[in-house]
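This report refers to the structure that appears directly beneath it.
Values reported hereafter were calculated over all heavy atoms of this structure, with side chains retained and with hydrogens, waters and symmetry mates removed. Just so we're on the same page: letters track the sequence lines, and every chain starts at 1.
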Amino acid sequence: MVIGAKATRISTNSIVYHSFNGTSDVYTKLLEAYAQNGALQSGKTLHAHLVINGLAQKTHFASKLIAFYAECKQLSHARKLFDKIPQSNIRRWIVLIGAYARHGFYEEAMSVFSEMQREGMKPNKFVLPSVLKACGRFGDFRTGEILHGVILKNEFEFDSYVVSALIDMYSKCGKVEKAKRVFYGMVDKDLVAMNALVSGYLQYGIVNDALVLVEQMKVQGMKPNVVTYNTLIAGFSQEDDQVMVCKVIELMHDDGLEQDVVSWTSIISGLVQNFHNKEAFGMFKRMLDVGLCPTSATISSILPACATVADLMLGKEIHGYTVVTGIEKDVYVKSALIDMYAKCGFISEAKELFSKTSERNSVTWNSMIFGYANHGYCSEAIELFNQMVREEERKPDHLTFTAALTACSHARMVQFGESLFKMMQDKYAIKPRLEHFACMVDLLGRAGKLDEAYNLIQSMPIEPDLFVWGAFLGACRQHGNMDLAEIAAKQLAKLEPESAGSSVLLSSLYADASKWANVAKVKRVIKKKKLTKFPGCSWVDVA
DNA sequence: ATAGGGTTAG
């Protein structure tokens, strides 16, 4: 299938391949390079060349080709090649499942594994690490436990790859106790296993325990590596604990290890997440001064800090860098760019990036829909939502519905909003969260349906928060309903007696369509507790 | 065949 259309290019390229003498090593290296650069066309051409020369069926090349297509996210091609290799060959299962797991197709990896078992193939120690990884990333703890049983039954518990992957699976599923038990049961504890447990501690929010573990293991002769320290740095940085980040870096230097791109990216990411934009920019600059090149992960971490008009210049510079280096195509980078332009109000730039995107995930879609919704392009937002549902490229998630409902409420599309709220639950089995209720209350409230909004609040299966009451209060003020406004105000005061002022601030922000982006700022203010309270002021200035 | 950093919402 892949071959036919490329006849002309094949002949020219064949000459090139033959000039290398066509050793298998060259083919392998080329395929790996193509995979790394996502050079799908070149890889397809080489594939055709291998077919013509009768090499494509050789298991060695077939495996490489499967990995290549998986890397280029061409799952159907990978699967087609897999189907051409004789069934009894265990290697083909290992390669396909491994390729899926390595490139983020966790659901597929697990379903192929079930298929493998249905075909009567027994799992071995080479396939288990990939399956465990897929389980962990997918959060499928039940299957993971079954695999643990398989490991014990087949005495794979002395294979360090398998055991490390098992610890990682429990860690990723948030089962630290289980991860700990497996780790402490190991006769020869190895570095990868320890690192997997360290990451489990972080997942669970006990970074300090992780540090203690590392120190203990050091006493017993374990030598931590950059991965160990980077894991700890990421944990402390996310917790906004600058002091501990510095301490870990010092420890790292005592062990003769240098910070790499991942260390820097972890620090930058933590700073941005904790709203220290200036410090993040400074750190980014220092990283460049040290001579390290930012990766797509670094870029997608720093871009959210550029999502205000004041810092857009830097964002544009970074955008330029991504174009030059070719990482603009990366989904994370692309989504972050779309979000950045959209947040700054440059909807047409965001739209252009979105339409030129070949690979989109739910974040890409959601960023664009939010961009439209938050800037009053409500029909565009709804149209894009419909397109997403129609094309079934990605399933809408809870954020997609938040974005679409936001658009409905700004456009006063009450009926459509109600149908979305129903569709979300009935068709997609998404439980409405606080923000969905807040949108619905806002939608009904703006349309003057205050009683319906109030009924919805009272029917909520979860405790309404200040956004829900804030939206309701805004609607009551707008429609001059003193009685209901008073109820809302009392509820707000009850929810946040310490920072009653912030509730009012937030509710008015909520009511103001164009100021969504400021919510983050307000949250930061609240977090720093610098907000003076002014209880009982002009909430009910309805008149 | 296993371990580290990333994008949306609140």
Can you tell which of [options] lies closest to the side chain of [X]?
| X | options | answer |
| --- | --- | --- |
| A:Lys133 | B:dT2, B:dG6, B:dA1 | B:dT2 |
| A:Ser301 | B:dG6, B:dA1, B:dA3 | B:dG6 |
| A:Gln273 | B:dG5, B:dG6, B:dT2 | B:dG6 |
| A:Ala336 | B:dA1, B:dG5, B:dT7 | B:dT7 |
| A:Ala165 | B:dT2, B:dG6, B:dT7 | B:dT2 |
| A:Pro129 | B:dT2, B:dG6, B:dT8 | B:dT2 |

[N] [atom2] sits how many Å from [X] [atom1], rounded?
| X | N | atom1 | atom2 | value |
| --- | --- | --- | --- | --- |
| A:Lys334 | B:dT7 | NZ | C1' | 13 Å |
| A:Ile90 | B:dA1 | CD1 | C1' | 12 Å |
| A:Lys172 | B:dG5 | NZ | P | 7 Å |
| A:Ile430 | B:dA9 | CD1 | C1' | 13 Å |
| A:Asn154 | B:dA1 | CG | P | 20 Å |
| A:Leu132 | B:dA3 | CG | C1' | 13 Å |
| A:Tyr161 | B:dT2 | OH | P | 8 Å |
| A:Leu213 | B:dA3 | CG | P | 17 Å |

Give [X] one of three labels, base, sugar-phosphate or nothing, depending on what nucleic acid heavy atoms sit under 4.0 Å from its own.
| X | value |
| --- | --- |
| A:Gln238 | sugar-phosphate |
| A:Val163 | nothing |
| A:Val127 | nothing |
| A:Asp465 | nothing |
| A:Ser263 | nothing |
| A:Ser296 | base |
| A:Asn225 | base |
| A:Asp190 | nothing |
| A:Val162 | nothing |
| A:Ser266 | sugar-phosphate |
| A:Val226 | base |
| A:Lys125 | base |
| A:Thr298 | base |

Problem set entry | Given A:Val163, A:Asp168, A:Ile151, A:Thr143, the one that forms side chain to side chain contact (heavy atoms under 4.5 Å, CB included) with A:Leu132 | A:Ile151

Problem set entry | Between A:Asp311 and A:Asn277, a side-chain donor and acceptor under 3.5 Å | no

For this session: Check the side chains of A:His319 and A:Glu349 for a donor-acceptor pair under 3.5 angstrom, ignoring hydrogens and angles.
Result: no

Verify the contact: side-chain N or O of [X] to OP1 or OP2 of [N], cut-off strictly under 4.0 Å; return yes or no.
| X | N | value |
| --- | --- | --- |
| A:Lys189 | B:dA3 | no |
| A:Ser269 | B:dG6 | yes |
| A:Arg137 | B:dA3 | yes |

For this session: Kindly state whether the pair A:Tyr332 / B:dG6 counts as stacked, where counting means centroids closer than 5.5 Å and planes tilted less than 30° apart.
Result: yes

Is the shortest side-chain N to carboxylate O distance from [X] to [Y] below 4.0 Å?
| X | Y | answer |
| --- | --- | --- |
| A:Asp330 | A:Lys334 | no |
| A:Lys73 | A:Glu359 | yes |
| A:Glu32 | A:Lys64 | yes |

Seminar exercise, completed: salt bridge (charged side-chain N to carboxylate O under 4.0 Å, His left out) filter on A:Lys351, not counting sequence neighbours, yields none

